[in-house]
Each structure stands twice: as C-alpha cells, then as structure tokens.
Amino acid sequence: MEPEVIWGYIDSERASLAGLLADLTEDEWRVPSLCPGWSVADVAAHVISSPQARPLALLGAMIRARGDFDRLVFEEGRRRGAARPADIVAQYRRFAGSRRHPPGTTIADPLLDVLVHGQDIAVPLGRPRAMPAEAARVAADRIWTKSFPFKARKRLAGLRLTATDIDWSAGQGREVRGPIEALVLLLTGRAISLPRLSGDGVGALRDRLPAA
C-alpha cells in the first residue's frame with residue numbers, strides 16, 4: 001500500500017477516535033481498557049503520543065525506566081493519561097494529520113497502534129468500532145514481520161492464519177480463520193478475539209493468550 005494511503009487511514013482513524021473520546025463521560029475515561037493496568041485515558045494518551053515523540057525525550061524516559069522498554073511505555077502512558085480529558089482530545093485535533101512517528105518505527109506502526117488501541121478503548125466501553133479491512137491487512141503484515149514486542153510468529157508457530165473477509169494469510173499448520181480485525185487482535189495477543197475465530201487450530205490458542 002502506498003505511504004500516503006496508509007497515512008490517510010491513520011488520519012481518519014485518529015480523527016474518528018477523537019470523536020469517540022470527545023463524547024465520553026468522566027467515568028468512562030477511567031474505565032479499565034483491554035490493556036492490563038491502563039485506563040481508557042492512558043491508552044488514548046498513548047496513541048496520540050506517537051507523533052509527539054522526540055529522540056531526546058525518549059532517551060530521558062528510557063533512562064528513567066532503567067532501560068526497560070515495557071516499563072517506559074507503561075509509565076509514559078500513565079503519565080500522559082493523567083492529563084485532563086479535554087487536553088487529550090485537543091492533542092488528537094492538533095496531531096491527527098501529523099506525519100511524524102517515533103524513531104526506529106515505520107509508518108505502519110502508528111496505523112497498527114490506532115487500530116488495535118482503538119479496540120482496547122472501544123470494547124470495554126461497549127462502543128462499536130470496526131477496523132477498515134485494507135488498513136487491518138497492512139497492520140497484520142507489520143505485526144507478523146515485527147518480532148518485538150508481539151512475537152506473533154513465535155507465539156503462533158504451527159498455525160495457519162486465514163482471513164475470511166479479505167485476502168490475507170500467514171503461517172503454516174492447523175488453520176485459524178476469522179475476520180482480519182479478529183486476526184489483528186489475535187496477533188497482538190488479545191484473547192478478546194477468540195469467539196470470532198474458527199478452525200482446527202483454535203483450541204491451541206487457549207494456552208498462548210492471556211485469559212479473556
């Protein structure tokens with residue numbers, strides 16, 4: 001997919017997520033997201049931090065996290081999520097069309113970020129939020145080829161993933177079928193995808209994902 005088409009998806013997904021966030025109540029901002037230990041506010045702030053990342057600031061955050069990347073992401077997400085909801089929404093309005101992304105990432109990374117974390121926010125709130133299938137295919141390719149942090153190829157070894165709504169497949173072995181949206185969630189380790197999957201490989205997933 002051409003870069004500008006990918007950016008178009010990122011722009012529209014950020015804008016639509018901003019619209020969802022702008023309608024939330026104070027209580028909804030504090031609802032636990034699908035990311036353990038993170039509220040809706042934390043995840044929302046994390047998503048829009050991508051175009052704001054700067055090398056020196058990242059270096060300082062890494063030092064504070066003592067070189068632990070997972071700790072860095074968690075602490076930065078919680079720190080940014082402590083902002084007022086109106087200020088987080090304002091960041092979306094300001095940076096939705098930004099072409100910046102963190103050092104060491106590709107333009108597919110902010111796409112998969114907004115697609116997956118959009119679900120982390122919407123699902124616990126009971127808000128419908130579908131992934132555009134073509135955008136989800138780009139995200140699935142990126143997750144499958146990116147060893148860190150998802151380790152999808154290792155975790156899902158021995159399985160053949162096949163999308164039922166778009167031309168996409170990966171891996172070898174027992175088949176796991178489902179909509180590309182559900183497969184993206186599976187690739188990123190989210191057990192919420194399991195009820196939407198079928199095939200003789202589904203049983204093998206129970207021990208490879210956190211409890212739903």
Legend entry - Crowding at CG, D167 (>12 non-hydrogen neighbours, <6.0 Å):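 Not more than 12 within 6.0 Å, no.
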Taking all atoms of both residues into account, what is the closest heavy-atom pair of [X] and [Y], and its distance?
{"X": "R93", "Y": "A22", "result": "NH2-CB, 3.9 Å"}
{"X": "F150", "Y": "L187", "result": "CB-O, 3.8 Å"}
{"X": "L194", "Y": "L209", "result": "CD2-CD1, 3.7 Å"}
{"X": "Q91", "Y": "I48", "result": "OE1-CG2, 3.5 Å"}
{"X": "D165", "Y": "G178", "result": "OD1-O, 4.5 Å"}
{"X": "W7", "Y": "R100", "result": "CH2-O, 3.9 Å"}

Which value, rounded to the nearest 0.5 Å, describes the distance between [X] atom [atom1] and [Y] atom [atom2]?
{"X": "T105", "Y": "L112", "atom1": "OG1", "atom2": "CG", "result": "9.5 Å"}
{"X": "S198", "Y": "R177", "atom1": "OG", "atom2": "CZ", "result": "4.0 Å"}
{"X": "L159", "Y": "L205", "atom1": "CG", "atom2": "CG", "result": "5.5 Å"}
{"X": "R30", "Y": "L24", "atom1": "CZ", "atom2": "CG", "result": "11.5 Å"}
{"X": "E134", "Y": "I180", "atom1": "CD", "atom2": "CD1", "result": "9.5 Å"}
{"X": "I107", "Y": "S50", "atom1": "CD1", "atom2": "OG", "result": "11.5 Å"}

For [Y], is there any backbone N or O sitting under 3.5 Å from a side-chain donor or acceptor partner on [X]?
{"X": "S16", "Y": "E13", "value": "yes"}
{"X": "D141", "Y": "V138", "value": "no"}
{"X": "E181", "Y": "M131", "value": "yes"}
{"X": "R160", "Y": "G171", "value": "yes"}

Is there a side-chain contact between [X] and [Y] (heavy atoms, below 4.5 Å)?
{"X": "L34", "Y": "L185", "answer": "no"}
{"X": "Y9", "Y": "V114", "answer": "no"}
{"X": "R190", "Y": "V123", "answer": "no"}
{"X": "R80", "Y": "I88", "answer": "no"}
{"X": "D27", "Y": "V31", "answer": "no"}

Legend entry - Check: S98/R14 side-chain N/O donor and acceptor closer than 3.5 Å: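 No, no side-chain donor-acceptor contact under 3.5 Å.
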Legend entry - Side chains of S147 and R153, donor plus acceptor under 3.5 Å: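 No.
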Legend entry - Salt bridge present between K146 and D109 (N-O < 4.0 angstrom):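 Salt bridge between K146 and D109, a charged N being under 4.0 Å from a carboxylate O: yes.
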Legend entry - Salt bridge D11-R99, side-chain N to carboxylate O under 4.0 Å: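 Yes, this pair counts.
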Legend entry - Sole residue of I121, L115, L17 in side chain to side chain contact (heavy atoms under 4.5 Å, CB included) with R129: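 With R129 as partner, I121, L115, L17 yield a single side chain to side chain contact (heavy atoms under 4.5 Å, CB included), made by L17.
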Inset, instruction - Would you please classify the geometry between the H117 ring and the W38 ring as parallel, tilted or perpendicular, with 30° and 60° separating the classes? - result: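 The arrangement is parallel - the two ring planes meet at less than 30°.
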